[in-house]
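All figures in this text were calculated on a predicted structure; none of them were measured in a lab. Only heavy atoms go into these numbers, but all of them, side chains included; no hydrogens, no water, no symmetry mates. Numbering of ligands and ligand atoms starts at 1, following listing order.
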Amino acid sequence: MNINITLSQNDLSSIKEKEKMKEKVEKAYSTLLNKNGLGNDFLGWIDLPINISEKEILDIENTAKMIRKQAEIFVVIGIGGSYLGARAVIESLKNNFDYINKKDSCPIVVYAGNTMSEDYLSDLIEMLDKKDYCLTVISKSGTTTEPAISFRIIREHLEKKYGKQQAKQRIIAITDKEKGVLKELANEQGYKTFVVPDDIGGRYSVLTPVGLLPIAVAGFDIRKLILGAKQIREQLVNENHIDKNIALQYVLARNLLYKRKKSVELLVNYQPNLVYISEWWKQLFGESEGKEGKGLFVASVSNTTDLHSMGQYVQEGSRIMFETVLHVNNSNKSIKIPMLENDNDKLNYLLKYSLTEINHKAEEATRLAHLEGDVSQIMITIDKVDEENIGQLLYFFEFACGVSGYTLGVNPFNQPGVENYKKKMFSLLGKK
Ligand code: PA5
């Protein structure tokens, strides 16, 4: 992984501003690693890639194997940090069309509990009528309304379809080790369970069973994912020099831009299978930093698709943003543009390029154009989209988010604002 930062003329900070921010970032880095900042009881994710035990990995792999034998569909019930990490990894690694044309023996992963749409759940149940399926219900608190409702509905369907006893073998609960309604239910019914560690919050939980079980069920190598996270952790934890630590460079750049009144960070990708990486990233940074009237508003686009819609705004709209571009060096597959003798569509001039090279040129051109439009550019490069690189990327963002939150002066590990709507909803619904 590496990082490149190109600032527009209007976004250049003075040496003094830079030095001041550098000091803040370095202090935030020490606070995170010395574990003496706000929310320091939620720092289990820092050492997770080296602490996760062989026993737990094997348990996850064996459970995944058992699910793969029984199910064509695997339903992941969860919301926020309890599903986005798994979805980000699965969507980025899977074949884009496997919902139509799945070849291997792994179930298709579908999601519930992240919406209360009656139409969505009805469609899901209709589909599950015709398929063999297993499910996991994931909730750290064990009390979140959206997944709880979905679980009740789908559980009833599962029990009708397979009978109560068999249904129990098809349910995996991932929750707190001792408290919460879900834990009580799991104990009562005898479901297989995995634990969300006390010291890891939802949006930092992708490398716990919360993310790893669905990823393993989908057929991806969780050991490589953990390995990637481990590799980048080594670099980020042991290099306190800002010029050599890519996470600190990212934190410095985004906080300097924020200081210069850039209030929006746009994560940009150039391939549709990375859209859920952006969704996960938005939750990570939005929920971690958006508090006390502070924080960058994090948004995302998927190019070149969105160049034909939001591209106009980015180029010429309100000058409130900068872009963080996810650059992927290599594709995993290749496809040739055919040569036409008569060149009647005038595309033969492109034959010397691969499609990835053309996509890279579009990316480079966009960066130049947006820079001209006063949109500063941070570019984060990974080698390709595979388990190891995605593991690196996820840990990189988690680490940067922790340091950035402390740089901003907030607690990056709580989410007090999420509670407000819940209280109001419960009161409207008449919950006692
Ligand atoms: O990051 C977070 O902590 C949140 O997004 C939670 O993951 C989300 O609210 C779901 O909570 P729970 O896992 O308790 O159901």
Side-chain angles (χ1 to χ4, degrees), residues 38-46 48 75-90 111-116 135-155 171-186 191 193-215 276-291 295 298 300 394-395 397-402 404-405 410-426 431:
L38 293 167
N40 58 358
D41 41 351
F42 284 99
L43 297 179
W45 57 272
I46 296 180
L48 189 59
V75 188
V76 174
I77 304 176
I79 196 164
S82 287
Y83 94 104
L84 275 169
R87 189 162 195 176
V89 176
I90 293 168
Y111 303 88
N114 56 341
T115 170
M116 290 194 279
L135 69 85
T136 181
V137 51
I138 308 174
S139 177
K140 182 173 180 179
S141 62
T143 54
T144 309
T145 313
E146 292 91 333
I149 294 176
S150 289
F151 183 43
R152 187 190 272 211
I153 293 172
I154 302 170
R155 191 170 76 229
I171 296 175
I172 319 289
I174 306 180
T175 187
D176 187 86
K177 67 176 183 307
E178 52 196 17
K179 57 179 193 301
V181 179
L182 180 57
K183 179 64 189 168
E184 284 164 26
L185 192 65
Y191 301 146
T193 56
F194 285 98
V195 172
V196 190
D198 281 342
D199 58 355
I200 299 179
R203 57 192 176 274
Y204 287 85
S205 68
V206 57
L207 297 176
T208 72
V210 171
L212 296 179
L213 180 71
I215 294 165
Y276 267 89
I277 294 284
S278 298
E279 293 306 309
W280 171 86
W281 173 88
K282 284 192 277 193
Q283 189 213 350
L284 180 68
F285 280 91
E287 213 171 19
S288 299
E289 292 194 310
K291 49 197 72 155
V298 283
S300 61
L394 298 178
Y395 190 90
F397 278 135
E398 287 181 352
F399 193 89
C401 187
S404 190
V410 299
N411 176 354
F413 307 109
N414 67 1
Q415 54 283 328
V418 175
E419 296 310 312
N420 208 348
Y421 99 91
K422 290 187 193 168
K423 278 190 208 131
K424 294 206 167 24
M425 177 177 73
F426 291 147
K431 183 179 178 182

Taking side chain as C-beta onward, heavy atoms only, is [X] less than 4.5 Å from [Y]?
X    : Y    : value
Y83  : I77  : no
L135 : I171 : yes
R155 : V137 : no
K140 : S205 : no
T175 : Y191 : no

Inset, instruction - Check whether more than 12 heavy atoms from other residues, nucleotides or ligands sit under 6.0 Å from atom NZ of K179, and answer yes or no. - result: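 Atom NZ in K179 is not crowded, with 12 or fewer foreign heavy atoms closer than 6.0 Å.
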Which residue holds the protein heavy atom closest to [atom], what is that atom called, and what is the gap in Å?
atom                    : result
atom 7 (O) of ligand 1  : G81 N, 3.0 Å
atom 11 (O) of ligand 1 : T144 OG1, 3.6 Å
atom 10 (C) of ligand 1 : I79 O, 3.3 Å
atom 14 (O) of ligand 1 : S141 OG, 2.7 Å
atom 2 (C) of ligand 1  : E287 OE1, 3.5 Å
atom 3 (O) of ligand 1  : G202 N, 3.5 Å
atom 5 (O) of ligand 1  : Q283 NE2, 2.6 Å

Legend entry - Aromatic plane relationship, W280 with F397 - under 30° parallel, 30 to 60° tilted, over 60° perpendicular: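 F397 vs W280 ring planes: tilted.
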Legend entry - Polar side chain donor-acceptor pair, S300 to K282, under 3.5 angstrom: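 The answer is yes; a qualifying pair exists.
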Inset, instruction - Answer yes or no: does an N/O atom from K422 fall short of 3.5 Å to an N/O atom of ligand 1? - result: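 There is no such contact.
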Inset, instruction - Answer yes or no: does an N/O atom from G201 fall short of 3.5 Å to an N/O atom of ligand 1? - result: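 Among all N and O atoms of G201, none is under 3.5 Å from an N or O of ligand 1.
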For [X], take its heavy atoms, then give the atoms of ligand 1 lying under 4.0 Å from any of them.
X    : value
Q415 : 3 (O)
G80  : 5 (O)
S139 : 12 (P), 13 (O), 14 (O), 15 (O)
S82  : 7 (O), 12 (P), 13 (O)
R203 : 1 (O), 2 (C), 3 (O)

Legend entry - Closest non-hydrogen atom pair between P147 and G78, with its separation: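 Shortest heavy-atom contact: CB-CA, 4.1 Å.
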